[in-house]
Amino acid sequence: MRSRRGIERILRNASIAFAALSGIVQLATAVFPDLAIPGFRVLAGLLLLSFTWGVLSSLSRAKASRDFANPDFVVTIKRGDLFSESGGWVVGFTDVFDTSTHIGDVISSHSVQAQLAYKLFDGDPSILDVKLSESLAAVAPNSEEGIQDKPKGKRIRYPLGTVAFMREGGQNVYGLAYSRMSNSLVAQSSVDLLWRSLNSLWESVAVNGRRQGLAMPVIGGDLARIDNVDHETLIKLIILSFVARSRRSVIASELTIVIHPENLDKVDIAEVQAFMASL
């Protein structure tokens, strides 16, 4: 069932279509005053056509894209699966880089981190742990929790904005720590922390990515609990951050922000397209 926002988008598009079609009918009757048009049938036809257009235009806008120039790069927002995208992948983590999905007590088995382990490491998070440890070996931890304070999950905390870069089988992965995992296993972040973490991400991409394409989910939503902004605002924030950095120099030929199909109704794709056009 469509969300309330999806229904509102359909009705808005339908009202625009109705206004346009009504204008055409009024013009036709003005130019051809002797034209016999049954009023009820015309009204019914206009309503049917308008509603049909509202539904079709809403469904068709599952993608937005803009080619930027000077320098040249592309930003695309689309529905899909992150791990079906070419180029580097961005995967969000907390400051302890948890990977355990054992009975779902640390991170969900449906999380992007769990999907990464399944996609690249045959579903074995211990291999992902080894790769993370290798990448983080040169990063100075912030602190380490005691087992009494944090009995579950990892206990070594890294600075927010830390990027664990991994390359496995030719696939680049950027593990970005943008939220803090509490000792009670609740992840929490903020707009400010996300913005600063994105800045760190782009620098890692500039160093390691060789300007190849980059794909990422809408980080900051759902379990990251940035509760004061919605999915659409998070997407705009990511776009703005990427475009601002890319204006200095190209770090990736294309950024693709992948929206999970279940969250598509939370985003007005036409509004995101208009936002990109304003940049």
Side-chain angles (χ1 to χ4, degrees), residues 82 88-117 125-126 128-166 173-205 208 214 216-242 245 257-258 260 263 266:
L82 170 67
W89 298 334
V90 177
V91 177
F93 284 87
T94 66
D95 60 337
V96 292
F97 287 90
D98 273 321
T99 59
S100 174
T101 59
H102 179 60
I103 65 172
D105 59 351
V106 180
I107 63 172
S108 169
S109 59
H110 301 292
S111 66
V112 179
Q113 299 94 327
Q115 293 176 50
L116 174 65
S126 66
L128 175 56
D129 278 336
V130 170
K131 297 296 182 180
L132 286 169
S133 296
E134 292 174 352
S135 178
L136 295 169
V139 180
N142 262 353
S143 62
E144 183 172 0
E145 301 287 351
I147 190 171
Q148 297 85 0
D149 297 323
K150 193 175 186 294
K152 293 183 179 181
K154 296 180 181 179
R155 301 181 182 91
I156 298 177
R157 296 189 180 280
Y158 293 90
L160 290 173
T162 296
V163 180
F165 173 72
M166 299 167 281
V173 179
Y174 303 86
L176 174 64
Y178 69 93
S179 63
R180 185 183 188 279
M181 178 69 86
S182 73
N183 290 350
S184 57
L185 304 181
V186 176
Q188 189 72 51
S189 190
S190 67
V191 171
D192 180 59
L193 289 175
L194 177 58
W195 182 266
R196 286 189 282 156
S197 298
L198 287 171
N199 289 337
S200 298
L201 170 64
W202 309 140
E203 295 314 310
S204 180
V205 172
N208 299 294
L214 186 70
M216 65 188 297
V218 185
I219 60 174
D222 299 327
L223 295 179
R225 292 179 173 84
I226 303 181
D227 295 328
N228 58 334
V229 293
D230 57 21
H231 257 61
E232 186 176 310
T233 302
L234 288 170
I235 290 173
K236 292 178 179 179
L237 182 72
I238 295 169
I239 294 171
L240 182 61
S241 177
F242 178 78
R245 175 57 183 86
I257 302 174
V258 182
H260 192 281
N263 292 326
K266 298 178 181 178

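Small disclaimer: the values here were computed from a predicted structure and weren't measured. Below, all heavy atoms of this structure are taken into account, side chains as well, without hydrogens, waters or symmetry copies.
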State, to 0.1 Å, how close [X] and [Y] come at their nearest heavy-atom pair, and which atoms those are.
{"X": "Tyr174", "Y": "Gly88", "result": "CE1-CA, 4.4 Å"}
{"X": "Leu237", "Y": "Trp195", "result": "CD1-CE3, 3.3 Å"}
{"X": "Leu176", "Y": "Ser197", "result": "CD1-O, 3.4 Å"}

Tell me, please, which residues at least two apart from [X] pass side chain to side chain donor-acceptor pair (under 3.5 Å).
{"X": "Ser241", "answer": "Trp202"}
{"X": "Ser135", "answer": "none"}
{"X": "Lys131", "answer": "Glu168"}
{"X": "Ser184", "answer": "Ser182"}

Heavy-atom distance under 4.5 Å between the side chains of [X] and [Y], does that happen here?
{"X": "Leu116", "Y": "Trp89", "value": "yes"}
{"X": "Tyr178", "Y": "Leu160", "value": "no"}
{"X": "Arg157", "Y": "Lys150", "value": "yes"}
{"X": "Gln113", "Y": "Asp98", "value": "no"}
{"X": "Asn228", "Y": "Val191", "value": "yes"}
{"X": "Lys236", "Y": "Leu240", "value": "no"}
{"X": "Ile257", "Y": "Phe242", "value": "no"}
{"X": "Met166", "Y": "Leu132", "value": "yes"}

How long is the gap from [atom1] on [X] to [atom2] on [Y], to the nearest 0.5 Å?
{"X": "His260", "Y": "His110", "atom1": "NE2", "atom2": "NE2", "answer": "9.5 Å"}
{"X": "Ile235", "Y": "Ile239", "atom1": "CD1", "atom2": "CD1", "answer": "6.5 Å"}
{"X": "Ser189", "Y": "Ile226", "atom1": "OG", "atom2": "CD1", "answer": "4.0 Å"}
{"X": "Ser100", "Y": "Lys154", "atom1": "OG", "atom2": "NZ", "answer": "9.5 Å"}

Can you name the residues that form a side-chain contact (heavy atoms from CB on, under 4.5 Å) with [X], not counting sequence neighbours?
{"X": "Pro151", "result": "none"}
{"X": "Thr233", "result": "Val229, Asp230"}
{"X": "Pro217", "result": "Leu82, Ile219"}
{"X": "His231", "result": "Val218, Asp222, Asn263, Lys266, Val267"}

Problem set entry | For Phe97, all residues meeting ring pair (Phe, Tyr, Trp, His ring centres under 6.0 Å), sequence neighbours excluded | Phe93, Tyr158
For this session: Among residues two or more places apart or on two chains, list those pairs meeting salt bridge (charged side-chain N to carboxylate O under 4.0 Å, His left out) that have a residue in residues 178-195.
Result: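 Qualifying pairs, neighbours excluded: Glu145-Arg180, Asp192-Arg196.
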Quick check against the 3.5 Å criterion: does [X] have a side-chain atom that pairs as donor or acceptor with the backbone of [Y]?
{"X": "Asp95", "Y": "Pro159", "value": "no"}
{"X": "Arg245", "Y": "Asn199", "value": "no"}
{"X": "Ser111", "Y": "Ile107", "value": "no"}

Exercise. Applying ring pair (Phe, Tyr, Trp, His ring centres under 6.0 Å), which residue pairs with at least one partner in residues 129-155 are found, sequence neighbours left out?
Worked result: none
For this session: Tell me, with the steps shown, if Val258 and Met216 meet side-chain contact (heavy atoms from CB on, under 4.5 Å).
Result: CA-CA 6 Å; Val258 182; Met216 65 188 297; over 6 Å; no
